[in-house]
2 protein chains.
Amino acid sequence: MRFYYKKIEYKIKNGKKLHNGLFSIFVNSIAIFMLKEERQQLILNEVALHNRVLLTDIAESLDVSIDTVRRDVKELDGENKLKKVHGGAVSLGFTSYGARNGTIYALEEKTKIAEKAIRLLKQGGVIFIDGGTTCLELARLIPTNLELTCFTLSLPVAFELLAKPNIDVIFIGGKISRDAQISIGSHAIHQLSEIKVDYSFIGTGYVDSLYGLTEFDWDIVQLKKAVIKASKKTVLLCISEKLNSQHRYKTCDINAINTMITELEPDNNLLNLFRNHDIRLL
Amino acid sequence: MRFYYKKIEYKIKNGKKLHNGLFSIFVNSIAIFMLKEERQQLILNEVALHNRVLLTDIAESLDVSIDTVRRDVKELDGENKLKKVHGGAVSLGFTSYGARNGTIYALEEKTKIAEKAIRLLKQGGVIFIDGGTTCLELARLIPTNLELTCFTLSLPVAFELLAKPNIDVIFIGGKISRDAQISIGSHAIHQLSEIKVDYSFIGTGYVDSLYGLTEFDWDIVQLKKAVIKASKKTVLLCISEKLNSQHRYKTCDINAINTMITELEPDNNLLNLFRNHDIRLL
DNA sequence: AATAAAAACGCATAATACTGCAAATAAAAT
DNA sequence: ATTTTATTTGCAGTATTATGCGTTTTTATT
């Protein structure tokens with residue numbers, strides 16, 4: 001079961017007990033006291049190699065108490081060298097993707113929007129999160145204690161959500177668009193047709209009170225239509241800069257949106273044109 | 001330096017006590033007084049050689065008080081020549097790989113493996129790339145001019161592939177495993193059943209010439225089975241450290257693998273046990 | 001809801017670390 | 001040569017750390 005520990009299989013025996021229960025291994029007949037750092041290094045090694053370890057396995061193979069291993073793992077977790085989980089530890093994925101790559105345009109506004117959107121989330125809810133930087137910001141700001149099931153098409157959003165322990169992430173697969181880093185194509189649309197979420201949080205390329213939501217890209221429109229269809233309620237996240245802009249292909253009318261969130265106060269004059277519609281402004 | 005020695009030799013011959021308990025070592029039957037610097041150099045040597053020392057060991061073998069050693073080590077730590085830890089010291093490089101966040105364990109070996117794997121790729125081919133750091137490395141090293149269609153379950157791999165302009169990336173969707181950052185579950189398996197790729201490049205948790213490929217995790221096994229089924233040829237990427245290790249759940253026999261790539265030369269003795277099988281070693 | 005496993009907590013103990021100090025002596029100054 | 005000053009070392013006492021153990025609390029699973 002643990003051949004990979006052969007190196008230290010021939011440990012102890014008549015082991016001189018060092019410290020208080022610390023074990024020693026015999027190499028060339030010399031008792032070697034194992035430093036905490038060495039033990040931790042071994043743990044990291046295991047994790048790096050197999051992606052996961054069990055505390056009990058480590059404790060047994062190193063012949064230390066499980067408490068010690070637990071403390072080690074806790075410490076390593078604190079140092080961000082691995083992730084402690086119930087019963088063991090797993091390697092940190094390479095969550096570096098979550099680290100903001102480029103700088104996000106108008107981050108402040110988008111954060112404000114995301115914060116408002118989060119107020120709509122309910123414990124145990126099932127939601128969809130679209131791609132785009134605003135939605136990514138939403139994903140990033142979801143409280144860690146909130147339990148949610150999140151569908152998404154966006155690789156960055158998926159990554160971000162994975163960092164939250166209480167969120168089930170379901171990725172809608174398909175051909176990946178290089179630009180937007182989201183699944184596109186018929187397969188993704190088909191899959192969307194098979195789900196129903198409480199809320200979907202979507203972005204848009206352009207929005208106009210008269211023409212509704214429009215996009216530059218035909219494929220994206222098809223996708224967004226599918227998303228809206230799969231949602232009990234649709235929430236549009238949109239910075240005010242995009243208001244009253246249009247493009248070629250139409251996703252839907254304003255009426256198809258239940259709630260629109262901008263970084264503005266809901267009573268801001270810029271939003272006046274939208275008040276004729278059956279839409280909630282946040 | 002010599003100067004000191006002579007002085008000391010003289011003193012010792014006359015039986016005069018040196019310092020207050022300063023120790024001496026005998027070389028060629030002549031007691032040589034050891035300077036602090038020399039002692040420290042010895043400690044550094046020891047650390048360089050074994051990556052670690054125990055204060056008690058040093059104190060005993062050099063016959064100085066542990067306080068002296070402690071002070072030496074403290075000083076060397078201050079000079080950044082080693083790292084002082086409870087009970088001893090470790091070399092600086094010792095803990096380094098874990099500290100470099102996001103750095104891949106045994107990267108060099110994995111790169112070597114990936115390079116071999118890339119030689120199997122053909123222009124216009126359709127392949128599957130598994131998750132795991134070795135496969136990620138493969139994804140990373142794919143030449144940019146190569147045109148490929150790549151299926152994957154792994155978010156990091158998908159990201160990596162998106163950076164290549166000539167690669168179509170198709171992500172197999174599903175519930176995302178937080179640990180492995182890959183799609184898991186029935187949906188992913190079902191989708192795999194609908195594709196057929198020329199080559200799949202997979203990793204494994206454990207591999208043994210007798211027991212075949214095994215995993216810690218049942219879900220992963222199901223997934224890998226589906227991958228193998230969806231492949232005309234399956235290539236196992238596996239660093240030699242994993243050879244002859246096993247775990248609970250079995251993915252497949254060695255025979256189910258067409259090619260196994262390790263960082264070793266194909267004629268390395270460590271691979272002997274695999275030669276009985278119908279498997280190509282690279 | 002019941003149960004088993006794991007984690008957390010507090011405690012005891014042994015090993016180790018630190019501090020101040022005095023002895024020895026090397027190096028410098030006289 | 002002698003005195004002074006600074007350095008090195010060991011020692012004793014105290015503080016801190018590492019570890020295992022038993023108990024309680026939490027978590028996951030059935």
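Reminder, nothing fancy here: chain letters follow the sequence lines and each chain counts from 1. Every value quoted in this text rests on a predicted model; they were computed, and no experiment measured them.
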ask   = Could you give the CZ-to-C1' distance, from A/Arg70 to C/dA8, as a whole number of Å?
value = 8 Å

inquiry  = Rounding to an integer number of Å, can you tell me how far B/Gln40 CD sits from D/dT7 C1'?
reply    = 13 Å

ask   = In whole Å, what is the span from the CD atom of B/Glu38 to the C1' atom of D/dT8?
value = 15 Å

ask   = Could you state the CD-C1' distance from B/Glu75 to D/dT7, rounded to the nearest angstrom?
value = 11 Å

request  = Look at the side-chain N and O atoms of A/Lys84 and state whether any lies under 4.0 Å from the OP1 or OP2 oxygen of C/dA6.
outcome  = no

request  = Let me know, please, whether B/Val69 or A/Ser65 comes out on the 5' side of the other along DNA chain D by nearest nucleotide.
outcome  = B/Val69

Closest to side chain of B/His86, choosing from D/dA28, D/dC21, D/dT17 = D/dT17

request  = Hey, can you tell me if B/His247 and B/Tyr206 have their rings parallel, tilted or perpendicular (30° and 60° cut-offs)?
outcome  = tilted

request  = Find the distance A/Leu54:CG to C/dA5:P and express it as a whole number of Å.
outcome  = 14 Å

query = What is the pairing partner of D/dT30, taking Watson-Crick or G-U wobble pairs with both distances under 3.5 Å in any strand?
reply = C/dA1

Separation of D/dA28 P from A/Glu147 CD (nearest whole Å) = 11 Å

task = Under 4.0 Å between any heavy atoms, over every strand shown, what does B/Ile66 touch: base, sugar-phosphate, or nothing? Just pick one.
result = nothing

ask   = Of all the choices, C/dA7, D/dA18, D/dA12, which nucleotide is nearest to the side chain of B/Asp67 once you look at every atom?
value = D/dA12

key: Side-chain (B/Ser183) to main-chain (B/Ile172) donor-acceptor, under 3.5 angstrom   = yes

remark   = note: B/Leu55, atom CG; D/dA18, atom C1'; distance rounded to Å ~ 14 Å

Under 3.5 Å: donor-acceptor pair, side chain of B/Asp130, backbone of B/Phe201 = no

inquiry  = What's B/Val73 touching, base or sugar-phosphate or nothing? Going by heavy atoms closer than 4.0 Å.
reply    = nothing

request  = Hey, could you give me the CG/OG distance between B/Leu82 and B/Ser91, rounded to the nearest 0.5 Å?
outcome  = 8.5 Å

key: B/Lys74, nearest nucleotide to its side chain (from C/dA8, D/dC11, C/dC18)   = C/dC18

request  = Answer yes or no: does a side-chain N or O of B/Arg39 lie under 4.0 Å from OP1 or OP2 of D/dT9?
outcome  = yes

task = Figure out the CE/P separation between A/Met34 and D/dT17, and round it to whole Å.
result = 22 Å

Out of C/dG20, D/dA18, C/dA8, whichever nucleotide has its closest atom nearest the side chain of B/Arg71 = C/dG20

task = State, without any angle test, whether A/Ser154 and A/Gln181 hold a side-chain donor-acceptor pair at a distance under 3.5 Å.
result = no

